[in-house]
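Notes to accompany the following structure.
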Amino acid sequence: EVSSLSGDVTVDGVFETLQIKSTSGDAEFSGSVSELTASSVSCDAEITIENTTLKRIDAHSTSGDVEITLPAGLTGVHAECSTVSGEVLSRVSDAGSGAQVQIRAKSISGDVKVG
């Protein structure tokens, strides 16, 4: 678990599980992970996944964008995306709620992009 009250959180690497949180700054991850939770209260959550053995992502921002970039070749994905004030763009083929990879991405005031 990595967190910050006032500043960006940037993590790169290979993890089984990871939780990153920022109150006032971006929450960023790039690398390989099986299960990831990322949150930012007043900035963006940016996630770049490099492995195809991903199982779960839960990413949210209160006042910022959520952007998740998935690797080519990742199949069996179910993405639940929502925003109150922004746009949602999902470029994944939805494999249904029983899919092997579960993604939840939401923002209160920002865009949500998964692809």
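Excluded from the calculations below are hydrogen atoms, water molecules and symmetry mates; all remaining heavy atoms, backbone and side chain alike, are included.
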Inset, instruction - Kindly work out whether a path of hydrophobic side-chain contacts (I/L/V/M/F/W/Y, heavy atoms less than 4.5 Å apart) joins Leu54 to Leu18. - result: yes
Legend entry - Cationic N near anionic O, under 4.0 Å, Glu87 to Lys113: no
Inset, instruction - Flag yes if Ile68 and Val2 sit in one hydrophobic cluster, no otherwise; membership is Ile, Leu, Val, Met, Phe, Trp, Tyr, and two members link when side-chain heavy atoms are under 4.5 Å apart. - result: yes
Legend entry - Salt bridge Lys55-Glu35, side-chain N to carboxylate O under 4.0 Å: no
Inset, instruction - For Asp8 and Thr10, test the side chains for any donor-to-acceptor distance below 3.5 angstrom and give the result as yes or no. - result: no
Inset, instruction - Taking the side chain as every heavy atom from C-beta outward, state whether Ser82 and Lys106 have any pair of such atoms under 4.5 Å apart. - result: yes
Legend entry - Flag side-chain contact, heavy atom, 4.5 Å: Val77 against Ile103: yes
Inset, instruction - I would like to know whether Thr69 and Glu46 meet side-chain contact (heavy atoms from CB on, under 4.5 Å); could you show each step before the answer? - result: CA-CA 8 Å; Thr69 304; Glu46 299 177 17; over 6 Å; no
Legend entry - Side-chain heavy atoms of Thr17 within contact of Leu36, under 4.5 Å: no
Inset, instruction - Would you check if Thr37 and Arg56 make a side-chain contact, meaning some heavy-atom pair closer than 4.5 Å? - result: yes
Legend entry - 4.5 Å side-chain heavy-atom contact, Thr83 and Asp111: no
Inset, instruction - Apply salt bridge (Lys or Arg N to Asp or Glu O under 4.0 Å) to the pair Glu1 and Lys21, showing each step before the final yes or no. - result: CA-CA 8 Å; Glu1 181 178 324; Lys21 296 189 259 186; 3.6 Å; yes
Inset, instruction - Report yes or no: do Leu70 and Val11 belong to one cluster of Ile/Leu/Val/Met/Phe/Trp/Tyr joined by side chain heavy-atom distances under 4.5 Å? - result: yes
Legend entry - Joint cluster assignment, Phe15 & Leu74, ILVMFWY side-chain distance < 4.5 Å: yes
